[in-house]
Peer 1: 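First the structure, which I've put down as structure tokens, then a few questions once you've had a look.
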Amino acid sequence: MGRYTITYFGVRGRCGAMRIMMADQGQEWKEIVVDFADWMKGDLKATCVFGQLPKLEDGGFALYQSNAILRHLGRNHDAYGKDGKEAALIDMMCDGVEDLRLKYVKMIYQEYDTGKDVYIKDLPNHLDKFEAVMAKNKTGFLVGDKPSFADYSLFEVLLNHLVLCSSCLDTFPSLKSFVEKMSARPKIKTFLDSEAYKQLPINGNGKQ
Ligand code: 6SG
């Protein structure tokens with residue numbers, strides 16, 4: 001077993017990107033899967049800084065908030081840019097992905113039946129921003145010339161959107177190529193092909 005432990009529900013949810021990142025960075029990690037009935041007892045919730053999961057343990061160090069966890073992994077595994085400016089741009093892109101992720105989560109959990117079609121129709125107005133950055137950088141990554149935690153977050157959110165709408169990247173060649181190349185990275189491919197990944201639903205309410 002490696003240095004990391006993830007405590008989370010049995011979904012991809014807010015752990016999708018960090019798992020892909022750990023896999024690609026050659027890390028092994030332990031999963032503690034919490035079922036909802038246990039969670040409702042409240043004992044674990046009471047120990048969480050914001051009363052929520054995921055939790056990452058790095059040795060004896062505990063961390064909450066999925067994007068803080070991605071940043072921590074970025075620092076640990078040299079996936080946070082080569083200097084302060086690159087790091088700032090990576091932060092900016094991660095926050096941009098978070099804005100899209102929040103819209104997606106709201107649609108999935110609150111308005112799937114009534115809002116899915118409108119969401120898909122509006123999606124190009126969000127994806128085009130990432131397409132422009134990816135096309136401009138020309139390296140196949142958002143910032144610099146190797147994957148940062150923001151790339152893993154974008155990649156994972158795009159995989160989820162391809163499940164929602166399989167044609168959503170057809171008009172975005174740089175994003176399409178990004179997804180193909182990330183999917184083909186050997187350690188990512190092995191992880192995405194694993195039962196451990198495939199058996200987990202994307203979201204906690206069964207919608208996708
Ligand atoms: C839910 O929202 O999975 N954490 C969630 N929910 C439980 O009591 N800003 C932070 C971050 O880390 C957001 C954390 C996030 O980025 S993630 C949490 O802790 C709580 O608040 C989405 C997810 N949902 C699935 C799930 C399984 C058990 C509880 C939530 C399905 C939905 C409700 C019951 C079963 Fe369910």
Side-chain angles (χ1 to χ4, degrees), residues 3-25 27 29-59 61-77 79-80 87 90-116 119 126 130 142 148-164 191-192 194-208:
R3 67 191 269 191
Y4 298 116
T5 301
I6 289 176
T7 304
Y8 193 48
F9 310 106
V11 299
R12 295 182 203 165
R14 288 219 162 252
C15 285
M18 69 181 77
R19 289 180 180 124
I20 290 169
M21 179 166 183
M22 285 195 255
D24 196 40
Q25 296 294 335
Q27 300 298 305
W29 67 95
K30 182 179 162 192
E31 295 269 358
I32 297 176
V33 181
V34 178
D35 73 50
F36 191 58
D38 277 347
W39 177 253
M40 287 308 284
K41 290 177 196 156
D43 301 356
L44 176 59
K45 187 177 175 76
T47 69
C48 300
V49 171
F50 294 102
Q52 291 196 310
L53 296 173
K55 170 186 184 180
L56 179 84
E57 286 165 280
D58 178 356
F61 175 67
L63 194 59
Y64 299 88
Q65 290 290 355
S66 56
N67 288 304
I69 292 168
L70 286 177
R71 285 179 166 81
H72 180 67
L73 295 173
R75 286 184 204 96
N76 285 355
H77 301 291
Y80 209 149
I90 290 165
D91 282 340
M92 177 182 83
M93 295 315 301
C94 183
D95 286 2
V97 175
E98 175 64 15
D99 285 350
L100 178 59
R101 191 181 289 282
L102 284 171
K103 285 188 181 75
Y104 170 81
V105 165
K106 179 167 182 262
M107 181 276 294
I108 289 283
Y109 283 96
Q110 295 176 22
E111 50 201 35
Y112 188 84
D113 295 330
T114 53
K116 180 183 162 183
Y119 180 90
H126 303 290
F130 297 101
L142 287 167
S148 71
F149 63 86
D151 289 296
Y152 295 109
S153 192
L154 176 63
F155 173 56
E156 198 263 345
V157 107
L158 292 177
L159 288 180
N160 296 344
H161 281 81
L162 285 167
V163 172
L164 180 75
F191 178 66
L192 296 182
S194 71
E195 284 309 311
Y197 174 78
K198 285 193 288 187
Q199 75 184 14
L200 289 182
I202 299 176
N203 301 300
N205 62 354
K207 308 235 158 101
Q208 62 179 33

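Indexing begins at 1, ligand by ligand and atom by atom, following the structure's order.
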Peer 1: What residue and atom, counting heavy atoms only, is the protein's closest point to atom 31 (C) of ligand 1, and at what distance?
Peer 2: Gly204 O, 3.2 Å

Peer 1: Quiz question: by atom type and distance under 3.5 Å, do the side chains of Asn160 and Tyr104 form a donor-acceptor pair?
Peer 2: no

Peer 1: Any nitrogen or oxygen of Asn205, side chain or backbone, less than 3.5 Å from one on ligand 1?
Peer 2: no

Peer 1: Relative to the heavy atoms of Val11, which atoms of ligand 1 are at a distance of less than 4.0 Å?
Peer 2: 3 (O)

Peer 1: What's the shortest distance from atom 28 (C) of ligand 1 to any protein heavy atom, and which residue and atom give it?
Peer 2: Phe36 CD1, 3.1 Å

Peer 1: Please list the nearest protein heavy atom to atom 6 (N) of ligand 1 with its residue and the distance rounded to 0.1 Å.
Peer 2: Phe9 CE1, 3.8 Å

Peer 1: Any salt bridge between Glu156 and Arg101, counting N to O under 4.0 Å?
Peer 2: yes

Peer 1: Run the numbers for me: atoms of ligand 1, each under 4.0 Å from some heavy atom of Tyr8, listed by number.
Peer 2: 3 (O), 17 (S), 22 (C), 23 (C)

Peer 1: Any idea which atoms of ligand 1 are less than 4.0 Å away from a heavy-atom of Lys45?
Peer 2: 8 (O), 20 (C), 21 (O)

Peer 1: Does Lys106 have more than 12 heavy atoms from other residues, nucleotides or ligands lying within 6.0 Å of its NZ?
Peer 2: no

Peer 1: Could you go step by step and tell me if Arg14 and Glu98 meet the salt bridge (Lys or Arg N to Asp or Glu O under 4.0 Å) rule?
Peer 2: CA-CA 10 Å; Arg14 288 219 162 252; Glu98 175 64 15; 3.0 Å; yes

Peer 1: What protein heavy atom sits nearest atom 15 (C) of ligand 1, and how far off is it?
Peer 2: Leu53 O, 3.4 Å

Peer 1: Heavy-atom contacts with Pro54 under 4.0 Å: which atoms of ligand 1 show up? List them by number with element.
Peer 2: 12 (O)

Peer 1: To the nearest 0.5 angstrom, please state how far the CG atom of Asp24 sits from the OH atom of Tyr152.
Peer 2: 3.5 Å

Peer 1: Could you tell me if Tyr4 and Asn76 have a donor-acceptor pair between their side chains, going purely by distance under 3.5 Å?
Peer 2: yes

Peer 1: Does Arg71 qualify as a cation-pi partner of Phe149, given the criterion of NZ or CZ under 6.0 Å from the six-membered ring centre and within 45 degrees of its axis?
Peer 2: no

Peer 1: Under the criterion side chain to side chain donor-acceptor pair (under 3.5 Å), which of His161, Lys103, Glu111 is the partner of Tyr119?
Peer 2: His161

Peer 1: Could you identify the single nearest non-hydrogen protein atom to atom 24 (N) of ligand 1 and state the distance to 0.1 Å?
Peer 2: Tyr109 OH, 3.2 Å

Peer 1: How far is atom 7 (C) of ligand 1 from its nearest protein heavy atom, and which residue and atom name does that atom have?
Peer 2: Trp39 NE1, 3.3 Å

Peer 1: Kindly compute the distance separating CG (Leu44) from CG (Asp38), expressed to the nearest 0.5 Å.
Peer 2: 9.0 Å

Peer 1: Starting from atom 12 (O) of ligand 1, which protein heavy atom do you reach first, and at what distance in Å?
Peer 2: Ser66 N, 2.8 Å

Peer 1: Quick one: look up the protein heavy atom nearest atom 2 (O) of ligand 1 and list residue, atom name and how far away it is.
Peer 2: Gln52 NE2, 3.5 Å

